[in-house]
Amino acid sequence: MRVVTWNVNSLRARLERVEEWLREVQPDVLCMQETKLADDAFPALTFEALGYECAHHGQGQWNGVAILSKVGLSDVVANFAPGIEPDPDARVITATCGGVRVTCCYVPNGRSLDDDHYVYKLSWLDRLHAHLLADTDPGADVIVTGDFNIAPDDRDVYDPAKLVGATHVSEPERERLQTLLDWGLVDLFRHQYPDAASVYSWWDYRAGDFHQGRGLRIDLVLGSRSVTDRLEWSTVDRNARKGQSPSDHAPVIVDLA
DNA sequence: ATGGTAGAGCATCTA
């Protein structure tokens, strides 16, 4: 079972590229972030023609998350699980695909450590933890994936010194990611490549950052123990960041037995 | 310290 996360940075702007990429890579499950579409504008028919069932949680101009699946899609929960303070933004959707409970998330950026949006980011990560506690069990097949806007450690950052005091690398957000891992999840890319450095999933559009290798690994696929035991292969598709009108994120691919 | 680009939508906001 091939599972992918991809922040597409506007599905309207990216649909042709996403379609072409799906035909080539044939994931069983695709988790998308930043569709930037309202639900009634989501191109479900386009994806159905490619063999996918779809669940989209959108709001329009910003955010928006979706799960596409060729291996079944059921028990959809848009937003956080009932009982948890709902997010006014469309940033999380959960569904069962091929027996795996999949949560697709677009964690708030945070902007800067002194910004209200950073407080929101930390609260959002706390609520994601509460969502997992309410929705599922780490003893089951669980995947939590998406754009975390957190680089787990300094190997995931092109220049750690340059980012001291910035969001994406601060201790409080890394601690919250660790809380998710302690609950019973493994960073599947890091599990396969424990020593890999300079492998990124996002590069700023500006200043030639992609071609200069200035990126961050912030798009993660986290798996429960049983999912980790099934891990066969993982990679970041850097080629999808090249060419005409790419997203600023590359897809992260995981193959499970 | 700022700016560089891209996508939303049409003045800026978000990343």
Sorted by chain and number, sequence neighbours left out, side chain to side chain donor-acceptor pair (under 3.5 Å) with Lys36(A) holds for Asn9(A)
Residues at least two apart in sequence or cross-chain that pass side chain to side chain donor-acceptor pair (under 3.5 Å) with Gln26(A), listed by chain then number, are Lys70(A)
What distance, rounded to whole Å, do you find between the two [atom1] atoms, one in [N] and one in [M]?
N: dG3(B); M: dG9(B); atom1: P; value: 25 Å
N: dA1(B); M: dA11(B); atom1: P; value: 33 Å
N: dT2(B); M: dA6(B); atom1: P; value: 23 Å
N: dC10(B); M: dG4(B); atom1: P; value: 24 Å

Length of the line joining [X]:[atom1] and [N]:[atom2], which is rounded to integer Å:
X: Asn7(A); N: dG7(B); atom1: CG; atom2: C1'; result: 12 Å
X: Gln33(A); N: dA8(B); atom1: CD; atom2: C1'; result: 18 Å
X: Asp209(A); N: dG3(B); atom1: CG; atom2: P; result: 16 Å
X: Lys162(A); N: dA1(B); atom1: NZ; atom2: P; result: 14 Å

Less than 3.5 Å apart, any donor N or O on the side chain of His117(A) or Thr167(A) sitting next to an acceptor on the other?
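Not at all, the side chains of His117(A) and Thr167(A) share no donor-acceptor pair under 3.5 Å.
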By salt bridge (Lys or Arg N to Asp or Glu O under 4.0 Å), Asp87(A) pairs with (sequence neighbours left out) none
Please list, chain by chain and in numerical order, all residues satisfying salt bridge (Lys or Arg N to Asp or Glu O under 4.0 Å) with Asp147(A), sequence neighbours excluded.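 For Asp147(A), no residue satisfies salt bridge (Lys or Arg N to Asp or Glu O under 4.0 Å) once neighbours in sequence are set aside.
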Base, sugar-phosphate or nothing for Arg214(A)? Non-hydrogen atoms, less than 4.0 Å.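 Answer is nothing: Arg214(A) stays at 4.0 Å or more from every strand.
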Inset, instruction - Among residues two or more places apart or on two chains, list those pairs meeting ring-ring contact (aromatic ring centres under 6.0 Å, His included) that have a residue in residues 27-47 of chain A. - result: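 For residues 27-47 of chain A: Phe42(A)-Phe47(A), Phe42(A)-His56(A).
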Check: protein-nucleotides 10-15 of chain B nitrogen or oxygen pairs below 3.5 Å:
| unit_1 | atom_1 | unit_2 | atom_2 | d |
| --- | --- | --- | --- | --- |
| dA15(B) | OP2 | Arg111(A) | NE | 2.8 |
| dA15(B) | OP2 | Arg111(A) | NH2 | 3.3 |

